[in-house]
Protein chains: 2
Amino acid sequence: MGVVSETTRQSTVRDRLLAAAVEKLEASGPEALQARPLAADIGASTMAVYTHFGGMPQLLDEVTREGFARFDAELARVPRSDDTIADLLALGIAYRQFALDNPQLYRLMFGLTTPGTRRAKERDLTTEGSPTSVSEGISAFNHLVDAVTRAAESGRIQAEDPVAVAGQIWSAAHGYVLLEITGVFGHEGHGLVRTLQPLIINLLVGLGDTREGIEASLATVFDAGGAARRRSPERR
Amino acid sequence: MGVVSETTRQSTVRDRLLAAAVEKLEASGPEALQARPLAADIGASTMAVYTHFGGMPQLLDEVTREGFARFDAELARVPRSDDTIADLLALGIAYRQFALDNPQLYRLMFGLTTPGTRRAKERDLTTEGSPTSVSEGISAFNHLVDAVTRAAESGRIQAEDPVAVAGQIWSAAHGYVLLEITGVFGHEGHGLVRTLQPLIINLLVGLGDTREGIEASLATVFDAGGAARRRSPERR
DNA sequence: TACCTGTGAATAACAACGTTATGGGAGGAC
DNA sequence: GTCCTCCCATAACGTTGTTATTCACAGGTA
């Protein structure tokens with residue numbers, strides 16, 4: 001389980017098909033995920049989709065699962081430090097970065113997109129995140145729950161119910177990111193400094209931390225590497 | 001402009017087609033919006049879609065526009081009182097209620113769903129909210145900006161840039177509502193009291209109001225009518 | 001009344017999609 | 001060698017969005 005063709009030595013037809021689907025999704029949108037063009041991309045016939053996946057819906061489920069695996073891996077790369085609020089902010093930045101780097105994948109992951117596969121078997125909204133991808137989604141969410149728990153334990157914020165608090169932060173980040181993806185915040189950067197940063201700061205203030213403390217933690221996040229990503233515990 | 005067949009006396013083919021599309025979207029999902037079944041529903045031939053709309057994409061644009069018009073009308077029904085924070089909370093409740101009552105329409109409005117129309121002409125993400133529906137969307141958003149502006153003028157919160165603050169609240173509500181629609185918060189009601197209410201309260205605390213004041217305002221909102229909707233400015 | 005014009009709708013056809021049935025060919029088991 | 005079992009290519013079927021063609025009918029003019 002994990003990133004495409006991580007275990008297999010040579011690319012199998014199935015792996016190449018899945019990789020081509022992920023790439024094509026981001027390049028041309030969900031409606032471009034069609035059986036015939038996809039198979040043609042890897043030099044195979046349409047039947048490959050059915051022998052390896054069973055059909056387009058199952059292939060899309062695998063794309064979703066792959067997306068959650070990548071998302072999980074990306075969030076796992078965010079380091080942990082003594083500054084629990086800085087860690088939380090870094091997690092939020094990584095969250096946004098992944099969504100901005102993979103907008104189509106992000107929307108597909110959260111069941112917000114219904115690709116061409118029109119003969120889909122009446123997907124239910126509540127079960128849309130296909131069962132196979134649920135575990136990966138929970139794993140990604142747990143990074144946030146852990147960060148909230150540690151922030152609460154450090155005394156910076158109050159979180160009797162860390163899962164509920166993580167749900168609040170998740171809602172805020174999810175909503176912001178989707179609005180930014182759809183372009184409502186205009187050109188690059190304005191949304192981040194005018195909306196996401198104040199939103200998270202205000203939320204953390206409401207959760208008990210001080211504005212000064214948050215801004216100090218935010219400064220350390222941006223100090224460490226310019227691109228707002230601290231790759232390893234020690235400074236590079 | 002507005003709700004379907006608001007001006008025309010007798011239902012035209014176009015109006016019936018649009019109304020059937022909106023109804024069918026909510027009943028059977030975006031992939032059910034197909035030219036032939038839709039035309040058959042109103043007893044017409046497929047050509048009606050093309051003579052009146054030009055094609056399925058344009059019909060979907062009209063559905064989106066209609067959705068924003070209804071959303072705007074629903075938000076406009078939220079009354080204004082002396083308690084500006086209560087008004088803001090009531091607006092949030094109405095926002096959530098509309099999304100929960102019309103989940104498919106809500107997702108289509110925000111470009112988060114890509115219905116069957118597979119031959120779509122390469123929609124761009126940034127321009128996905130079709131131009132015709134932009135004005136209605138802005139109108140709906142302005143209700144929130146107004147409420148924030150009034151709350152700032154009343155001194156309850158600090159909002160130097162009301163549009164930016166409205167964007168923060170919008171992000172939080174949008175993200176929560178989408179997560180609730182996809183079912184991540186479990187069964188009815190838990191998400192609201194465990195996530196949305198604390199989220200908005202914490203955010204408003206971060207914006208300068210006191211927790212006690214917010215909870216008092218929230219109580220007045222729920223007092224006035226049980227269903228959390230105050231129909232007229234004066235208390236009933 | 002007779003005639004022209006234009007708009008709207010039905011019929012039929014076309015290309016492309018997801019899917020399924022059929023058949024062939026490569027690689028191991030005995 | 002012979003058989004068995006997967007994969008995969010080919011071809012077909014039903015359905016989709018779309019377009020071309022044709023027809024019907026309402027309204028104005030002589």
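In the text below, chain A, chain B and the rest are named by the order of the sequence lines, each starting its count at 1. Side chains included, hydrogens not; waters and symmetry mates left out as well; all remaining heavy atoms used.
- A salt bridge between A:Arg16 and A:Asp41 is absent, with no side-chain N of the basic residue lying under 4.0 Å from a carboxylate O of the acidic one.
- Ring-plane geometry between A:Tyr106 and A:Phe71 is classed as perpendicular, the angle between the planes exceeding 60 degrees on a 0 to 90 degree scale with a lower cut at 30.
- Using a 4.0 Å cut-off between charged nitrogen and carboxylate oxygen, A:Arg70 and A:Glu66 count as a salt-bridge pair.
- One interatomic measurement links the two molecules: CZ of A:Arg14 to P of D:dC6, which rounds to 17 Å at whole-angstrom precision.
- As a whole-Å value, the separation of A:Arg36 CZ from D:dA9 C1' is 13 Å.
- Stretches of at least 3 consecutive Watson-Crick or G-U wobble pairs, with each checked distance under 3.5 Å, appear in DNA chain C as C:1-30 with D:1-30.
- Which of C:dA9, C:dT20, D:dT18 sits closest to the side chain of B:Thr46 comes down to D:dT18.
- Among B:Tyr95, B:Phe110, B:Phe141, the single residue meeting the ring-ring contact (aromatic ring centres under 6.0 Å, His included) criterion with B:His174 is B:Phe110.
- In this entry the distance linking CG of B:Leu33 with C1' of D:dT16 reads 14 Å, nearest Å.
- Put simply, CG on B:Leu38 is 15 Å from P on C:dA9, counting in whole angstrom units.
- Here B:Thr51 reaches the OP1 or OP2 of C:dA9: one of its side-chain N or O atoms lies under 4.0 Å away.
- In this structure, A:Glu31 places its CD atom 14 Å from P of D:dG17, rounding to the nearest Å.
- Checking B:Gln58 against A:Ala48, the closest nucleotide of DNA chain D that is more toward the 5' end is the one next to A:Ala48.
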